[in-house]
Amino acid sequence: MADRITPRNVNYSDWYIDIVIQAKLADYSPVKGCMVIRPRGYALWERIQSVLDGMFKATGHQNAYFPLLIPESFLQKEAEHVEGFAPELAVVTIGGGEPLEEPLVIRPTSETIIWSMYKKWIQSYRDLPLLINQWANVLRWEKRTRLFLRTTEFLWQEGHTAHATAEEAQEETLRMLNVYRTFAEEYLALPVLTGRKSESEKFAGAVATYAIEAMMQDRKALQAGTSHNLGQNFAKAFDVTFQDKNGNLSYVYATSWGVSTRLIGALIMAHSDDKGLVLPPKIAPTQVVVIPIYKTANKGEILDYSSRLVQTLKEEFTVEYDPDDSSSPGYKFAEWELLGVPVRVEVGPKDKEKNQVVLVRRDTGEKSYVALNEVKQRIRELLDAIQKNLYQRALEFRISHTRQIAQYTEFKTFFEEDGGFAESPWCGSADCEARVKEDTKATIRVLPFGNEERANGVCVVCGNPAKHLAIFAKSY
RNA sequence: CGGGCUGUAGCGCAGUGGCUAGCGCGCUUGGUUCGGGACCAAGAGGCCGGGGGUUCAAGUCCCCCCAGCCCGACCA
């Protein structure tokens, strides 16, 4: 008997960690707060990378790479930025055995080093827009870490763009937010809310931060991606100006946007169950696993049948094959369910006799018997159905745990009980936001787009006229 | 960084101050099984997290340290 996964309703945190460890996605490292991403976890990241990278290229971005180490003074050039990141910096003070003249910060994010370079590269409106992305690791000395959701070092991509006008920068900010939304919904089967962050939740150094927010199965919110309009803050800090057609000199407008390995955490917490990982087919590194079922007597003929099937399936799907005779079929079923492969194909003597296979879908456990000549077609349909079902299931879950609340007593009760997303009018003041956090631990996750008009009424906290309809939730 | 819990075989755990530290799972070898986590047999595997003390005697008691998890404050 393998290790059991703690059921979600017993302890959600333990369940999450059990999945990560037992599905072999990651492991704890010798260094506190860091994790080792194992092949099954890294394969997921590679899938995420390849899809997103395609989307970035399709929207005109190019990849580049900037150094890991940043002169400490660079961070200090943007006041809010340094204030936001100073507490979580790791600093290199010795190099080659000698104390460094200027300490080097291990990047927590790359705005400063990138904008120090943009100063060299941008002089004219002809140099704009400059649309660069980098895939990198960053390091933030977090007090409390959790596999994938928050680790000291994590992998991400960070886009850094430069524009001639505020309008273009805003357009880019929203374009990339939309790329994230599309990716989350279509590939991760993760329904997300999009909108702006409140002042207190925005990125250190940004004019405005936008985010995609998803609801996990414990009804907490997870910020799955952010897109920042940086205005001219970094251009001013690094003195990046350009001349327009009329010869006028002005500061460049900037955006930055990123998603990280946290997405893998989102994927797990949104879809998985007490049997293990559940992966959307469009992001699953392995879509199909083939398990032959045989006795010693018929081993040869069954393996022959199953391996020919595997060859056929590999023409269209990513396939793993598990013909090993050292564990029983039942064991393998459980094992592959734990690993999250969307479709399992069982082939045994009965199937060979009837020229069929058994298909089992991971999300519902439903079995079907399919003729050999229809297998590819049926798997295609199943993968599609699973993808849609996971999205739909997550969406319905979010909707059923989202409540419109106008009364503060009800609001507090909501978060004392099951919780979820509270959609409530808010006056816009940081004081009310802080009070909510104090009283309920919930924060404003996002100010959804197009909701200003719906914000008729009064702030759920203070009773003053509302300016926004905000989404409040406890979050990761 | 505060509070709590836990460190004993790869994993999960037992282990009144006393002799050679156990159990389950996993692992190795051989054999029988095989359509939902099979079974038999024989093996391998331990600086009892680290350091200091108390004691005739410490996995067990005391002190310090370290690590991990959970709960807070901080954050993607």
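Since the structure is predicted, the reported quantities are computational estimates derived from the model, not experimental observations. Here is the naming used below: chain letters follow the sequence lines, and residue numbers restart at 1 for every chain.
- Taking the six-membered ring where the residue is Trp, A:His401 and A:Phe397 present tilted rings, their angle falling between 30° and 60°.
- Remark: C1' of B:G35 and CD of A:Gln356 are 11 Å apart, rounded to the nearest angstrom.
- Distance check on atom P: B:G3 versus B:C65 gives 12 Å, rounded to whole Å.
- Annotation: B:G4 and B:G10 have their P atoms spaced 31 Å apart (nearest Å).
- The OH-C1' distance, from A:Tyr16 to B:C69, rounds to 14 Å in whole Å.
- Where A:Trp156 and A:Leu147 meet RNA chain B, the nucleotide closest to each residue was compared, and A:Leu147 sits on the side nearer the 5' end.
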Protein-nucleotides 32-34 of chain B N/O pairs under 3.5 Å:
from, atom 1, to, atom 2, distance (Å)
B:C34, O2', A:Tyr294, O, 3.3
B:C34, N4, A:Thr296, N, 3.4
B:C34, N4, A:Thr296, OG1, 2.9

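- If you take CG of A:Asn298 and C1' of B:G35, they are 12 Å apart, rounded to a whole angstrom.
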- Message: A:Leu155 vs A:Trp135, test: side-chain contact (heavy atoms from CB on, under 4.5 Å). Steps then yes/no.
- Response: CA-CA 8 Å; A:Leu155 305 183; A:Trp135 292 94; over 6 Å; no

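- Taking the C1' atoms as reference points, B:A9 lies 13 Å from B:C47, given to the whole Å.
- Checked against the 6.0 Å centroid criterion, the rings of A:Phe414 and A:Phe472 do not qualify as a close aromatic pair.
- When the nucleotides B:G36, B:A76, B:G35 are ranked by their closest atom to the side chain of A:Lys350, B:G35 comes out on top.
- B:G50 sits 14 Å from B:G7 when the P atoms are compared, rounded to a whole Å.
- Rounded to whole Å, atom C1' of B:G36 lies 13 Å from atom OH of A:Tyr331.
- If you measure from atom NZ of A:Lys441 to atom C1' of B:C74, you get 15 Å, rounded to the nearest angstrom.
- Within the 4.5 Å cutoff, no side-chain heavy atoms of A:Arg175 are placed close to those of A:Thr161.
- Ring pair A:Phe154/A:Trp156 is perpendicular by interplanar angle, where above 60° counts as perpendicular and below 30° as parallel.
- B:G43: Watson-Crick or G-U partner is B:C27, with both key distances under 3.5 Å.
- In this structure, the CD atom of A:Glu88 is 12 Å from the P atom of B:C74, given to the nearest Å.
- If you check B:U60 for Watson-Crick or wobble pairing at under 3.5 angstrom, you find it has no partner at all.
- Comparing B:A38, B:A76, B:G36 by their nearest atom to the side chain of A:Lys367 picks out B:G36.
- The aromatic rings of A:His228 and A:Phe203 sit parallel, their planes meeting at an angle under 30°, below the 60° perpendicular limit.
- Comparing B:C70, B:A76, B:G36 by their closest approach to the side chain of A:Val360 singles out B:G36.
- Taking only side-chain atoms of A:Arg262, from C-beta outward, the nucleotide of B:C1, B:A76, B:G36 with the closest atom is B:A76.
- A distance of about 12 Å separates the P atoms of B:U6 and B:C61, rounded to the whole Å.
- Between the side chain of A:Thr173 and the backbone N or O of A:Thr255, no donor-acceptor pair lies under 3.5 Å.
- Using a cut-off of 4.0 Å between Lys/Arg side-chain N and Asp/Glu carboxylate O, A:Arg435 and A:Asp431 are scored as not salt-bridged.
- Checked for salt-bridge contact, A:Glu153 and A:Arg140 miss the test: no charged N lies under 4.0 Å from a carboxylate O.
- Pairing partner, B:G17: none, since no Watson-Crick or wobble contact has both distances short of 3.5 Å.
- A:Tyr28 has a side-chain polar atom (N or O) that falls below the 4.0 Å cut-off from OP1 or OP2 of B:C69.
- Residue A:Val358 is classed as a base contact, given a heavy-atom separation below 4.0 Å to a base.
- Taking atom P in both B:C23 and B:C40, the straight-line distance is 16 Å, to the nearest Å.
- Checking A:Lys275 against A:Thr151, the closest nucleotide of RNA chain B that is more toward the 5' end is the one next to A:Lys275.
- Atom C1' of B:C64 sits at a distance of 42 Å from the matching atom of B:U28, rounded to the whole Å.
- In terms of the side chain to side chain donor-acceptor pair (under 3.5 Å) criterion, A:Asn298 has no residue partners (sequence neighbours excluded).
- Taking 3.5 Å as the limit, the base of B:G36 and the side chain of A:Glu337 contain a donor-acceptor pair of atoms between them.
- For the C1' atoms, the distance from B:G36 to B:C69 is 32 Å, rounded to whole Å.
- Ranking B:G35, B:A76, B:G37 by closeness to the A:Asp351 side chain, first place goes to B:G35.
- Nucleotide B:G2 forms a Watson-Crick or G-U wobble pair with B:C71, both donor-acceptor distances falling under 3.5 Å.
- Taking the side chain of A:Ala334 as heavy atoms from C-beta on, and the options B:G37, B:C71, B:A76, the nearest nucleotide is B:G37.
- Using a 4.0 Å heavy-atom criterion, one finds that A:Leu222 contacts no nucleic acid atom at all.
- The phosphate of B:C70 has OP1 or OP2 within less than 4.0 Å of a side-chain N or O from A:Arg146.
- Here the P atom of nucleotide B:C69 and the CG atom of A:Asp27 are 11 Å apart, to the nearest Å.
- Atom-to-atom, CD of A:Gln22 to P of B:C25 comes out at 17 Å; the value is rounded to the nearest Å.
- Nucleotide B:G36 forms no Watson-Crick or G-U wobble pair with any nucleotide shown, as no partner meets the under 3.5 Å limit on both distances.
- Counting any heavy atom pair closer than 4.0 Å across all strands shown, A:Ser260 reaches a base atom.
- Residue A:Glu346 is in base contact, counting any heavy-atom pair closer than 4.0 Å across all strands shown.
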